Asks: 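Following this message is one structure expressed as structure tokens.
Just the heavy atoms: all of them, side chains too, but no hydrogens, waters or symmetry mates, feed the values below. Because the structure is predicted, anything quoted here is derived from the model rather than measured.
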Amino acid sequence: MSSSRLLRPAAALLSATTRRVQPNACGRLYEAVRQAHTSSQALGVSARPRPALRPISRLPTGAPRGARSIFIQTETTPNPDALKFLPNHKVVPPEVPTPFIEYLNPRSTIAPPYPSPLAAQLMSIDGVTSVFYGPDFITVTKSPDANWVHIRPEIFSLITEAITSGQPLVTVTQRVDGEEGQESAEEDSLSYNENDSEVVGMIKELLETRIRPAIQEDGGDIEFRGFEDGYVSLKLRGACRTCDSSTVTLKNGIEGMLMHYIEEVKGVHQVMDQEEEIAIKEFAKFEEKLRAQKGPDAAPTTPGKDSLDSVPG
């Protein structure tokens with residue numbers, strides 16, 4: 001048998017073996033080098049440094065290190081004149097004993113005990129009527145004739161600037177007697193009180209665990225004002241305060257749940273501010289006038305923006 005016929009398969013076999021063994025051999029070689037490097041460091045032997053290229057200085061192309069990215073989410077509410085903004089940031093500071101703060105006029109944003117520079121800037125926007133701070137959200141309410149297309153970009157800009165600056169959204173100061181401030185109680189009205197009766201305790205627990213989360217989802221909150229003669233007095237806040245469906249929410253939702261679980265409850269009364277009572281009376285007069293123009297058989301309209309029937313002519 002010729003030598004050329006023997007050498008050709010042997011070379012092919014050697015090449016195939018080398019290809020199969022090469023990864024393992026490289027792995028063992030890398031492990032040996034790593035162990036030798038570790039041993040040399042333990043003995044205090046330093047190898048010659050490898051030449052390295054100098055890094056080329058470049059202008060920063062991204063955000064500076066340590067800067068936080070802000071993502072503000074917007075949610076609609078049942079109130080068409082209120083929007084809920086979620087800045088992914090704590091809004092009401094932990095030292096505030098109430099879960100919400102409501103600013104109903106520009107003066108309240110700078111008055112004790114909870115002045116807020118951000119609320120003052122938001123209230124300065126043309127068309128904004130109130131600002132509500134929840135635990136982790138901000139609800140902004142506008143006048144019915146204002147347009148969200150013009151207001152919303154400015155709200156985004158102000159909230160983003162306030163959070164990125166690192167300044168607190170709310171400053172806790174001491175209230176001065178007789179000075180008008182924010183719409184907030186000295187403590188959470190749903191918190192436990194050892195002087196509460198058993199029925200009041202059950203009412204508060206049901207409001208805290210079942211009703212408040214749903215109202216906060218709509219950009220508002222709820223206050224417990226008392227329980228007398230079987231009737232629970234409640235006040236809605238935030239987006240729910242000026243919502244046209246607030247009465248339906250109280251009667252069909254909250255009242256039904258309280259009466260179902262607590263037999264001592266006979267009904268729910270809504271506590272309203274003087275301004276809210278005046279607005280409701282004015283709307284009732286306007287509705288009566290509208291029905292008089294349309295005829296005695298006209299059905300009463302449903303309160304709400306763009307929900308009134310149009311008057312012919």
Side-chain angles (χ1 to χ4, degrees), residues 72-87 89-92 96-105 108-109 114 116 118-119 122-123 127-144 146 148 151-152 155 159 169-170 181-185 187-191 203-226 232-258 268-277 279-280 303-305:
I72 301 175
Q73 185 178 356
T74 307
E75 292 181 0
T76 58
T77 70
N79 186 353
D81 291 327
L83 273 182
K84 180 181 176 183
F85 297 86
L86 295 96
H89 184 276
K90 189 74 174 176
V91 177
V92 176
V96 175
T98 60
F100 66 86
I101 305 173
E102 191 167 23
Y103 304 91
L104 300 180
N105 52 68
S108 65
T109 62
Y114 310 124
S116 171
L118 173 60
L122 293 174
M123 288 291 292
V128 173
T129 58
S130 67
V131 176
F132 180 86
Y133 285 173
D136 57 355
F137 65 89
I138 300 172
T139 300
V140 179
T141 304
K142 68 174 183 64
S143 58
W148 284 119
I151 297 177
R152 182 160 46 185
I155 296 175
I159 295 177
L169 302 183
V170 178
Q182 301 79 30
E183 291 289 325
S184 61
E187 62 179 9
D188 186 5
S189 62
L190 302 185
S191 61
I203 292 173
K204 286 185 175 182
E205 182 179 1
L206 193 60
L207 291 172
E208 173 71 28
T209 58
R210 301 292 297 274
I211 296 174
R212 169 173 274 176
I215 295 181
Q216 287 179 340
E217 281 291 320
D218 290 338
D221 211 312
I222 190 169
E223 268 188 295
F224 173 77
R225 290 296 186 90
V232 182
S233 298
L234 301 173
K235 182 171 181 58
L236 297 177
R237 294 289 191 177
C240 304
R241 186 178 63 87
T242 57
C243 184
D244 297 328
S245 60
S246 60
T247 303
V248 179
T249 301
L250 281 172
K251 291 296 180 181
N252 296 351
I254 300 174
E255 183 180 80
M257 181 176 292
L258 290 174
V268 171
H269 287 160
Q270 182 178 5
V271 178
M272 292 182 292
D273 297 331
Q274 185 177 2
E275 296 178 356
E276 296 171 345
E277 293 178 354
I280 291 177
K305 183 184 178 184

Asks: Look up atom CG in Leu104 and atom CE in Met123, then write down how far apart they are to the nearest 0.5 Å.
Replies: 7.5 Å

Asks: Heavy-atom distance under 4.5 Å between the side chains of Phe224 and Lys235, does that happen here?
Replies: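 Phe224 vs Lys235: side chains apart.
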
Asks: Give the ring-plane orientation class for Tyr103 versus Tyr133, where under 30° counts as parallel, over 60° as perpendicular and anything between as tilted.
Replies: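 It falls in the perpendicular class, over 60°.
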
Asks: Taking atom CD1 of Ile211 and atom CE of Met257, what is their separation to the nearest 0.5 Å?
Replies: 5.5 Å

Asks: Determine the sole option in Val96, Ile138, Ile159, Leu118 for which the side-chain contact (heavy atoms from CB on, under 4.5 Å) test with Val91 is passed.
Replies: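 Only one of Val96, Ile138, Ile159, Leu118 forms a side-chain contact (heavy atoms from CB on, under 4.5 Å) with Val91, namely Ile138.
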
Asks: Can you sort out the partners of Glu217 under salt bridge (charged side-chain N to carboxylate O under 4.0 Å, His left out), two or more places apart, ordered by chain and number?
Replies: none

Asks: Indicate yes or no: at least one non-hydrogen side-chain atom of Pro87 is less than 4.5 angstrom from one of Gln73.
Replies: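 No, every pair of side-chain atoms sits at 4.5 Å or beyond.
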
Asks: Kindly indicate whether the side chain of Arg210, heavy atoms from C-beta on, has any atom under 4.5 Å from the side chain of Glu205.
Replies: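 A side-chain contact is absent here, since even the closest heavy-atom pair is not under 4.5 Å.
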
Asks: Once rounded to the nearest 0.5 Å, what's the spacing between atom SG of Cys240 and atom CG of Leu234?
Replies: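 Taking SG in Cys240 and CG in Leu234, the distance rounds to 12.0 Å.
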
Asks: Checking Lys90 now: which residues fulfil salt bridge (charged side-chain N to carboxylate O under 4.0 Å, His left out) with it, not counting sequence neighbours?
Replies: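 Lys90: no salt bridge (charged side-chain N to carboxylate O under 4.0 Å, His left out) contacts found.
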
Asks: Could you tell me whether the side chain of Leu83 reaches within less than 4.5 Å of the side chain of Trp148, counting heavy atoms only?
Replies: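 Yes, their side chains come closer than 4.5 Å.
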
Asks: Just wondering, do Pro99 and Asp221 contact through their side chains at under 4.5 Å, heavy atoms?
Replies: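 The answer is yes, as the side chains (C-beta and beyond) meet within the 4.5 Å cut-off.
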
Asks: Could you check whether Phe132 and Phe100 have their ring centres less than 6.0 Å apart?
Replies: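 When the ring centroids of Phe100 and Phe132 are compared, they turn out to be within the sub-6.0 Å range.
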
Asks: Asn79 versus Asp218: any side-chain heavy-atom pair under 4.5 Å?
Replies: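 Asn79 vs Asp218: side chains apart.
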
Asks: Check whether any side-chain heavy atom of Val131 sits under 4.5 Å from a side-chain heavy atom of Ile101, and report yes or no.
Replies: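 Side chain of Val131 against side chain of Ile101, heavy atoms only: no contact under 4.5 Å found.
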
Asks: Just verifying a value: how many Å separate Ser189 OG and Leu207 CG, rounded to the nearest 0.5 Å?
Replies: 8.0 Å

Asks: Any non-hydrogen side-chain atom of Val232 less than 4.5 Å from a side-chain atom of His269?
Replies: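 Of all side-chain heavy-atom pairs linking His269 with Val232, none is under 4.5 Å.
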
Asks: Looking at CD of Glu208 and CD1 of Ile222, how far apart are the two atoms once the value is rounded to the nearest 0.5 Å?
Replies: 10.5 Å

